Amino acid sequence: MSRNGFISVIQRTLNDDERLISSTPFEQLHQRMNDVLGDGGILKEVIQPGEGPPVPHNASVIIHYSGFLEYSDQPFETTVNFKYPRMMKLGRDVTLAGLDLGLLTMKKGEFSRFLLQPQYAYGEMGCPPFIPSAATVLYEVQIIDYLDSGQVDDFVAMSPEEQNTVPLSTLLEVVGTLRSFGNRCFNQSRYDNAKDRYKQAVILLGNRETQCEPETEKIKTALLPLYLNLSLTELRLDSPHKALKYGSKALEMDSTNTKALFRCGQAYLELREYESAQECLINAQAKKPFDSDINNLLRKVAISYKDSLEKERDMYSKMFRELKGQ
């Protein structure tokens with residue numbers, strides 16, 4: 001390379017550095033981001049790649065996100081302080097067009113940045129007092145998980161007759177998604193929401209007109225964990241009678257199921273029906289003799305039963321003394 005050529009390369013590099021220094025933060029980000037739609041309205045930079053397929057249309061997503069204005073170190077909105085970010089449905093709960101479209105490009109576990117032009121964010125009006133007019137905004141987003149709730153919505157919108165024409169495999173997928181929804185809510189201590197999801201799945205399975213014995217067995221297999229989940233959820237909601245009802249339904253399907261026996265034992269203990277509680281837990285212990293949860297609950301039942309008998313004996317003793325005194 002000639003000396004003049006080397007100098008020109010240095011000069012171009014210096015010019016690029018000068019332009020970089022004089023550009024704004026968003027302009028600097030723009031240089032290394034990809035154009036999602038091809039019109040420059042939504043730019044994306046992947047910070048941490050995800051795994052699996054991208055988020056499907058009409059899905060429900062669990063995300064952490066923070067929105068920033070240019071030159072601001074503090075987000076104008078964020079979920080990073082939430083222990084359990086709520087599940088949001090695309091097209092309904094995610095109201096920014098750019099964010100909605102950007103999420104469709106993401107995978108589970110992915111962390112990305114999106115630079116949204118005003119037409120894909122808050123528009124020419126902005127959102128006073130936090131978002132000025134015609135503002136470009138930056139969103140940092142992490143996909144924690146997502147569920148294909150669009151399939152559930154489409155199935156639930158059908159009449160019972162239409163639902164029965166759908167392959168059983170589709171129904172089981174819908175039920176699996178509803179159960180996953182319920183589990184998410186349960187883990188966040190949103191027990192009423194969890195119960196609603198589980199019961200919706202039970203109703204859909206109950207509406208199914210089975211054509212043969214293998215289909216009937218698949219329906220029963222799908223119902224059993226739902227009854228167990230409902231039993232535990234009702235216990236969390238301090239409804240031992242309902243917990244016992246669902247635990248008993250599970251036992252009707254599998255009389256030796258240790259989880260069902262344990263749930264019924266818990267419910268009977270709450271109802272102070274100690275003999276029934278002991279019977280359920282002893283049967284569970286026979287299947288799993290070294291299970292610490294079963295053994296600990298059995299001890300608790302024995303202590304409670306003993307205390308109950310002593311209180312009953314003291315009460316009768318007092319009654320007899322009062323009668324004798326009269």
Side-chain angles (χ1 to χ4, degrees), residues 36 42 44 50-65 67 77 79-80 82-112 114 120 139 141-208 218-219 221-230 232-233 236:
V36 173
I42 304 173
K44 177 182 179 181
E51 296 180 347
V55 175
H57 288 274
N58 298 319
S60 292
V61 296
I62 302 176
I63 61 175
H64 271 307
Y65 65 89
E77 66 170 340
T79 64
V80 296
F82 297 165
K83 184 178 180 181
Y84 300 117
R86 69 188 183 95
M87 186 170 283
M88 304 170 70
K89 185 167 179 60
L90 297 183
R92 186 186 67 194
D93 302 319
V94 182
T95 55
L96 285 190
L99 191 55
D100 193 279
L101 292 168
L103 286 167
L104 294 174
T105 70
M106 297 185 71
K107 300 177 180 180
K108 183 177 177 180
E110 180 181 327
F111 176 72
S112 290
F114 292 95
Y120 290 101
Y139 271 89
V141 184
Q142 181 182 19
I143 294 276
I144 299 171
D145 201 358
Y146 66 82
L147 294 170
D148 189 358
S149 56
Q151 185 185 37
V152 174
D153 296 338
D154 293 341
F155 191 88
V156 171
M158 297 179 185
S159 66
E161 292 77 20
E162 291 173 324
Q163 290 175 1
N164 275 296
T165 65
V166 174
L168 179 62
S169 59
T170 301
L171 169 61
L172 295 178
E173 287 177 7
V174 168
V175 166
T177 301
L178 284 170
R179 186 182 170 208
S180 296
F181 264 109
N183 292 345
R184 290 284 178 190
C185 295
F186 185 92
N187 292 333
Q188 296 176 8
S189 302
R190 294 161 50 201
Y191 301 123
D192 282 313
N193 297 128
K195 180 175 72 171
D196 291 342
R197 297 294 185 179
Y198 297 145
K199 289 182 73 174
Q200 187 179 17
V202 168
I203 291 170
L204 291 178
L205 289 169
N207 289 340
R208 183 74 179 189
K218 288 180 180 179
I219 293 292
T221 300
L223 277 170
L224 181 59
L226 289 168
Y227 285 143
L228 292 172
N229 290 353
L230 278 166
L232 180 58
T233 303
R236 292 287 191 273

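Treat the numbers as computed from the prediction; the structure is a model and nothing was measured. What's counted below: heavy atoms across the whole structure, side chains too, no hydrogens, waters or symmetry copies.
Summarising the geometry, atom CZ belonging to Arg179 is positioned 15.0 Å from atom CZ belonging to Arg197; distances are rounded to the nearest 0.5 Å. Within the model, atoms CD of Glu173 and CG of Leu168 stand 10.0 Å from one another, a figure rounded to the nearest 0.5 Å. Distance check: Asp196 CG to Asp192 CG gives 6.5 Å after rounding to the nearest 0.5 Å. To the nearest 0.5 Å, atoms CD (Glu162) and CG (Asp154) are separated by 11.5 Å.
Here the side chains of Leu204 and Leu178 are in contact, with some heavy-atom distance below 4.5 Å. A heavy-atom distance below 4.5 Å is found between the side chains of Val202 and Tyr227. The side-chain heavy atoms of Asn229 and Asn183, taken from C-beta on, include a pair separated by under 4.5 Å. Side-chain atoms of Phe111 and His64, non-hydrogen and from C-beta on, never get closer than 4.5 Å to each other. Taking 4.5 Å as the limit, some side-chain heavy atom of Leu147 sits within range of a side-chain heavy atom of Met87.
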*Can Thr170 and Gln151 be said to form a side-chain contact (heavy atoms from CB on, under 4.5 Å), step by step?*
CA-CA 9 Å; Thr170 301; Gln151 185 185 37; 3.9 Å; yes

*Apply side-chain contact (heavy atoms from CB on, under 4.5 Å) to Leu226 and Val175, showing your working.*
CA-CA 9 Å; Leu226 289 168; Val175 166; 4.0 Å; yes

_Stepwise side-chain contact (heavy atoms from CB on, under 4.5 Å) test for Leu172 and Leu205_ = CA-CA 8 Å; Leu172 295 178; Leu205 289 169; 4.2 Å; yes

*How far apart are the C-alpha atoms of Val166 and Leu171, what are their side-chain angles, what is the distance that settles it, and do they pass the side-chain contact (heavy atoms from CB on, under 4.5 Å) test?*
CA-CA 7 Å; Val166 174; Leu171 169 61; 5.8 Å; no

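Applying the ring-ring contact (aromatic ring centres under 6.0 Å, His included) rule to pairs touching residues 158-201 yields Phe186-Tyr191, sequence neighbours excluded.
For the pair Phe114 and Ser112, the tightest heavy-atom approach, listed with the atom from each and the gap, is CE1-CB, 4.1 Å. In terms of heavy atoms, Leu104 sits closest to Val55 at CD2-O, 3.5 Å. Here the shortest heavy-atom pairing between Gly98 and Ile42 reads CA-CD1, 3.7 Å. Across all their heavy atoms, Pro53 and Tyr146 have their closest contact at O-OH, 2.9 Å.
Judged by distance alone, with hydrogens and angles left aside, the side-chain atoms of Thr105 form no donor-acceptor pair with the main-chain N or O of Leu101 at under 3.5 Å. For Gln163 (side chain) and Arg208 (main-chain N/O), no donor-acceptor pair under 3.5 Å exists by modelled atom type.
Under the salt bridge (charged side-chain N to carboxylate O under 4.0 Å, His left out) criterion, Lys195 pairs with Glu234, sequence neighbours left out. Applying the side chain to side chain donor-acceptor pair (under 3.5 Å) criterion to Glu161, with sequence neighbours excluded, gives Ser159. Every residue was checked against the side chain to side chain donor-acceptor pair (under 3.5 Å) condition with Lys107, not counting sequence neighbours, and none meets it. For Arg190, the side chain to side chain contact (heavy atoms under 4.5 Å, CB included) partners two or more places apart in sequence, or in a different chain, are Cys185, Gln188, Asn193.
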Using a 3.5 Å cut-off and no angle test, enumerate the donor-acceptor pairs between side-chain atoms of residues 89-97 and protein atoms at least two apart in sequence or in another chain.
from: Lys89; atom 1: NZ; to: Asn58; atom 2: O; distance (Å): 2.6
from: Lys89; atom 1: NZ; to: Ser149; atom 2: OG; distance (Å): 3.2
from: Lys89; atom 1: NZ; to: Asp153; atom 2: OD2; distance (Å): 2.6
from: Asp93; atom 1: OD2; to: Lys89; atom 2: N; distance (Å): 2.9

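Other residues, nucleotides and ligands place more than 12 heavy atoms under 6.0 Å from the NZ atom of Lys44.
The only option from Thr79, Ile144, Leu103 that meets the side-chain contact (heavy atoms from CB on, under 4.5 Å) definition with Ile63 turns out to be Leu103.
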